[in-house]
Trainee: 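Handing you this structure, nothing more for now.
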2 protein chains.
Amino acid sequence: MDQNNYIGAMTLKAKIADIAKIAGLSVASVSRILNGRGRYSEETAKRVRQIADDIGYYKNRSASDLARQSNNTFGVVYTNSETHFSEPLIKGIMGQAATDKLDVIIMIGKRDDEQGLTKIVQDMIERRVFGLLFLSIQPSQSIIDILNHANIRALVVGSATEHDVSYISSDDFQIGYQATQFLIDKGYQRIGLAGMDVQRDYVGLQRYQGYRQALKEANMKAAEGLVHSGNFSYHSGITAATYYTNEQSVDAVIGASDEVSLGLLNGFHDLGVQVPKQVGLISIDGTELCEQSRPKMTSVTQNFQLMGTRAVREFMALEDSHNKIETVTIPFEIETRNTTKQD
Amino acid sequence: MDQNNYIGAMTLKAKIADIAKIAGLSVASVSRILNGRGRYSEETAKRVRQIADDIGYYKNRSASDLARQSNNTFGVVYTNSETHFSEPLIKGIMGQAATDKLDVIIMIGKRDDEQGLTKIVQDMIERRVFGLLFLSIQPSQSIIDILNHANIRALVVGSATEHDVSYISSDDFQIGYQATQFLIDKGYQRIGLAGMDVQRDYVGLQRYQGYRQALKEANMKAAEGLVHSGNFSYHSGITAATYYTNEQSVDAVIGASDEVSLGLLNGFHDLGVQVPKQVGLISIDGTELCEQSRPKMTSVTQNFQLMGTRAVREFMALEDSHNKIETVTIPFEIETRNTTKQD
DNA sequence: ATGAAAGCGCTAACAT
DNA sequence: ATGTTAGCGCTTTCAT
């Protein structure tokens, strides 16, 4: 455990007992009224609520949660770097949480900081959240184990994972497959795939397999050189553009994320390669970045907000069971914009 | 108070008493050891820590906080919309929090959802956070009052505010002044100001006054028509570009945020107006968006990360005093990129 | 160095 | 409809 130096003294004075005394009631009655549980007359209730308001009473959640031996807040953890789609994800989550009267506390970590992530997870466990959502994060197996051991449901949302957790995401094989198919249908011949690690990254691997499958069905060869590795970042896109311009010619590229694709677009631009005239581009994600680039980017658009919504629904559905959460696949669509040939 | 329907049963079994029993100690000793407080032999400590690990013990923070009558977590609330600079802000905050061994819980609200914001603030109060940071949010006076009443320090970071809270931000008058000055020095004559409300928005007003001051000193008239209102969004930039193209000619524009400026850039592009050839552009904020646009955008670059760092430092410095936090101004700089004339 | 005991503020049977 | 009582799991004097 941590060597805390106590810092914040709790200065919030008003407690239930104070209200009880003023109202001439027992604390139990006040508690019931304030929580709308059990029986009480609406008349006294009014009085109590008034008093609570007057003296500036706020429930002490530590005490409440402790006594109740439960709570209704779940945790969300994510890294706010590189990728751009946490916004709709969060939107979906917060929306559903609100309608389900759940509280959510969020913590943000650094990408690839296993130690930091572990600390966050421990913190969440100490707070006894009833579930933990990982956004655009691949928790390590060791973290999963900790969570399992602590009997806390975990759910990865926004991307698939090979570890022993349930997840909610698009079908990445299909994303790779259909993006490729789309380009082939447009008549592209040499199709690059850029911005993710197709060997070590699980999502990358799935998409790569879809990509290969589509090529194979079209009797096209999947030359190794067509794939350029990266980490979903803008920078990955920039370097990939250089690569495709100087070392390996392509007539279209699939960008692993909107950031990668923007990097590709800018990289090509800087090198004097015209999109879509000389090379076509389709992005994966479909966030607002696609609308805010020039030309606007054609994309495989994922429904992140729905993923968020579904994520908290899954938690609710599992309320009291300890069953393993099932993996959920959310549909995506292809939106044609201006980085691919018009037909 | 809220009508909770209890949802998450706390299934985490191990408690200090269990460790105590196994170790043949009292709970008091175990508590001391686990918290590194008081006296104990390192020998037994080792044993205790081992046991804790073995049985998968995690401190119950509700119990701990309740007993201690204090805690060391502070809250951060922001809206993740429109504007783009929360990332460095958060980075600064998390970094400093980590070095100060503080926990932070984050909650995200919808912009302009006063009711939702109030709910979040109440939640934070119930959790007895010792301080609350508002990122890119202007809390209403009523929310400030609630916080004051509850004796919880509040701090607005990333933008100035006219309400009765301290804040950490750049000097917005100077931002307006120097951005304008910069353009004047470059030889621009008709300078637009776009993307914020210069009457109702406090930040907007400050910048506007700086803008006017600079124009005045250069003996230039601040024609009303040169200012185009907005809400810091990409869309504001788009509409402003149309306005400046069709209704009010300018030779340079100051964009109220990077999003606005990107909108301006794209809007001009779509209308066939060339930047910087026909119209110059300087953005305010200087996030990575400025590097990721083509052309890259000249900007007034604010130091958001430092603001975050300073924000939590301020909290710490105030530890036990109830003094009003002073307002802090963070320096900014102008970065010349490619949307303004070269000299 | 360790233990006993009280109490943090609240909730939940179980009375009445 | 309201009160009594016994905790929830932990921390913290105060003893020993």
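Letters A, B, ... mirror the listed sequences (proteins, then strands); counts begin at 1. None of these values were measured; they are calculated from a predicted model.
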Trainee: Please list, chain by chain and in numerical order, all residues satisfying side-chain contact (heavy atoms from CB on, under 4.5 Å) with B:Thr329, sequence neighbours excluded.
Mentor: B:Asp171
Trainee: With sequence neighbours excluded, tell me which residues meet salt bridge (charged side-chain N to carboxylate O under 4.0 Å, His left out) with A:Arg32.
Mentor: none
Trainee: Can you list everything that forms a side chain to side chain donor-acceptor pair (under 3.5 Å) with B:Thr73? Sequence neighbours excluded, please.
Mentor: none
Trainee: Find the distance A:Asp65:CG to D:dG7:C1' and express it as a whole number of Å.
Mentor: 16 Å
Trainee: Scan nucleotides 13-15 of chain C against the protein and return all N/O pairs shorter than 3.5 Å with their distances rounded to 0.1 Å.
Mentor:
none

Trainee: Just to verify, what does A:Asp112 make a side-chain contact (heavy atoms from CB on, under 4.5 Å) with, not counting sequence neighbours?
Mentor: none
Trainee: List in numerical order all residues of residues 16-25 of chain A for which some heavy atom is under 4.0 Å away from an atom belonging to DNA chain C.
Mentor: A:Ile16
Trainee: Only counting residues at least two apart or in another chain, list the ones meeting side chain to side chain donor-acceptor pair (under 3.5 Å) with A:Thr118.
Mentor: none
Trainee: In chain order, what residues pass the salt bridge (charged side-chain N to carboxylate O under 4.0 Å, His left out) check against B:Glu43, with sequence neighbours excluded?
Mentor: none
Trainee: Taking only residues two or more places apart in sequence or in another chain, which ones pass side chain to side chain donor-acceptor pair (under 3.5 Å) with B:Asp18?
Mentor: none
Trainee: Round to a whole Å and report the spacing from CZ of A:Arg37 to C1' of C:dC10.
Mentor: 11 Å
Trainee: Who pairs with B:Thr161 by side-chain contact (heavy atoms from CB on, under 4.5 Å), at least two apart in sequence or on another chain?
Mentor: B:Gln138, B:Val156, B:His163, B:Val165, B:Tyr167
Trainee: Would you check if there is a donor-acceptor pair between the side chains of B:Asn35 and B:Lys59 at a distance under 3.5 Å?
Mentor: yes
Trainee: By salt bridge (charged side-chain N to carboxylate O under 4.0 Å, His left out), which residues pair with B:Asp123, not counting sequence neighbours?
Mentor: A:Arg61, B:Arg127
Trainee: Mind grabbing the angle between the end helix axes of the helix from C:dA1-D:dT16 to C:dT16-D:dA1? Five pairs an end, 10° rounding.
Mentor: 30°
